[in-house]
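Notes to accompany the following structure.
We're numbering straight along the sequence, starting at 1. Whatever order the structure lists them in is the order used to number ligands and atoms, beginning at 1.
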Amino acid sequence: MGVQFTWLGHSAFAVDIDGHPVLFDPFLTGNPLASTTADQLDADIIFLSHAHGDHLGDTVPIALRTGARVVANFEICNWMNGNGVSNTHPQNPGGGWDHGFIHAKWTVAHHSSSFPDGTYGGEPNGFVLTTERGQRLYFAGDTALFSDMQLIGNLGLDVAFLPIGDNFTMGPEDSLEAIRLLRPRYVVPMHYNTWDLIAQDAGAWANRVSNETQAQPIVLDPGNTFPLP
Ligand code: NI
Ligand code: MN
């Protein structure tokens with residue numbers, strides 16, 4: 001029991017929550033870092049931060065095969081319903097919902113959001129997940145640094161998943177300020193090294209996190225798993 005997560009590359013994670021398989025932003029097909037393929041993944045719930053193709057990814061085929069509930073903003077859920085995925089649950093910022101084994105609260109993110117065909121995907125999001133045992137995870141999605149991360153940090157975070165790639169999201173420098181606001185026990189970098197535009201030195205980033213914040217950095221190779229202590 002407890003929480004363990006596997007980085008699948010980019011912002012995709014397979015997370016085991018007290019024995020329940022969950023996916024974050026499952027972008028496998030076309031992901032140069034992908035450690036597995038979409039047909040290998042199981043899910044009870046798929047959480048989606050926004051509609052961009054590098055996050056929406058393989059959600060439709062995985063949801064259709066597994067019957068997983070897709071939790072995303074209102075516009076993405078409508079789009080899912082139109083693409084044959086009926087098991088959806090819409091949330092928007094500020095709203096929380098108990099999904100059985102996990103409580104999810106939706107947050108803002110500063111970014112954009114459209115589907116691969118260019119249609120409007122609603123606002124981009126992050127989310128805070130709280131397990132039945134009280135472990136709390138924050139997945140920032142694609143976002144810039146914003147000062148309200150301090151309020152998210154006030155919830156008490158065990159782990160934060162933060163983009164560090166720069167160019168499309170916050171980079172390493174801003175992520176250090178985000179960590180100081182969020183105050184998680186552990187921090188996991190994502191959304192880097194997938195393409196040249198977001199190439200980063202995760203080792204150098206981890207050294208700075210250790211030296212300049214109270215959080216412990218967890219740098220994973222694609223396919224690696226970390227059990228949350
Ligand atoms: Ni994006
Ligand atoms: Mn992205």
Side-chain angles (χ1 to χ4, degrees), residues 5-15 22-36 38 41 46-63 70-80 83 90-93 104 106-129 137-146 148-149 152 160-175 178-179 182 187-202 205 219-222:
F5 46 84
T6 303
W7 192 38
L8 306 177
H10 203 53
S11 295
F13 289 85
V15 188
V22 164
L23 296 172
F24 300 164
D25 289 359
F27 165 54
L28 291 309
T29 304
N31 175 353
L33 295 184
S35 61
T36 186
L41 294 169
I46 302 170
F47 290 101
L48 288 184
S49 66
H50 63 296
H52 285 158
D54 59 318
H55 298 261
L56 188 73
D58 299 286
T59 297
V60 169
I62 296 170
V70 176
V71 182
N73 72 26
F74 188 81
E75 289 78 6
I76 292 174
C77 287
N78 280 345
W79 184 91
M80 286 286 159
N83 282 272
Q91 293 190 223
N92 265 348
W106 235 236
T107 71
V108 298
H110 292 286
H111 190 63
S112 60
S113 182
S114 52
F115 289 99
D117 66 2
T119 55
Y120 178 60
E123 295 293 307
N125 301 116
F127 45 84
V128 175
L129 303 181
L137 299 73
Y138 169 56
F139 183 87
D142 280 4
T143 188
L145 169 67
F146 56 95
D148 284 358
M149 285 180 168
I152 297 172
F161 300 81
L162 297 181
I164 67 161
D166 215 342
N167 193 66
F168 295 117
T169 68
M170 69 172 101
E173 189 72 35
D174 280 357
S175 79
I179 294 163
L182 291 163
V187 60
V188 182
M190 62 182 184
H191 212 273
Y192 70 97
N193 285 359
T194 322
W195 301 287
D196 289 345
L197 272 174
I198 55 174
Q200 295 297 338
D201 182 341
W205 170 85
V219 176
L220 299 171
D221 290 327

Side chain proximity check, Phe27 to Ser11, heavy atoms < 4.5 angstrom: no
The Mn ion (ligand 2): protein N, O or S atoms [distance under 2.8 Å]: Asp54 OD2, His55 NE2, Asp142 OD2, His191 NE2
Parallel, tilted or perpendicular: ring planes of His55 versus His191, cut at 30 and 60 degrees: parallel
Main-chain N/O of Pro61 paired to Asp58 side chain as donor or acceptor, under 3.5 Å: no
Closest heavy-atom pair and its distance - Met190, His10: CB-O, 3.5 Å
Minimum side-chain heavy-atom gap Phe47-Trp106 below 4.5 Å: yes
Which atom of Ala199 lies closest to which atom of Asn193, heavy atoms considered: CA-OD1, 3.3 Å
Under-2.8 Å protein N/O/S neighbours of the Ni ion (ligand 1), ordered by chain then residue number: His50 NE2, His52 ND1, His111 NE2, Asp142 OD2
Verdict with supporting geometry, Tyr192 and Trp205, side chain to side chain contact (heavy atoms under 4.5 Å, CB included): CA-CA 11 Å; Tyr192 70 97; Trp205 170 85; over 6 Å; no
Partner of Phe161 under ring pair (Phe, Tyr, Trp, His ring centres under 6.0 Å), chosen from Tyr138, Phe5, Trp7: Phe5
Check: Thr169 side chain, Asp142 main-chain N or O, donor-acceptor pair, under 3.5 Å: no
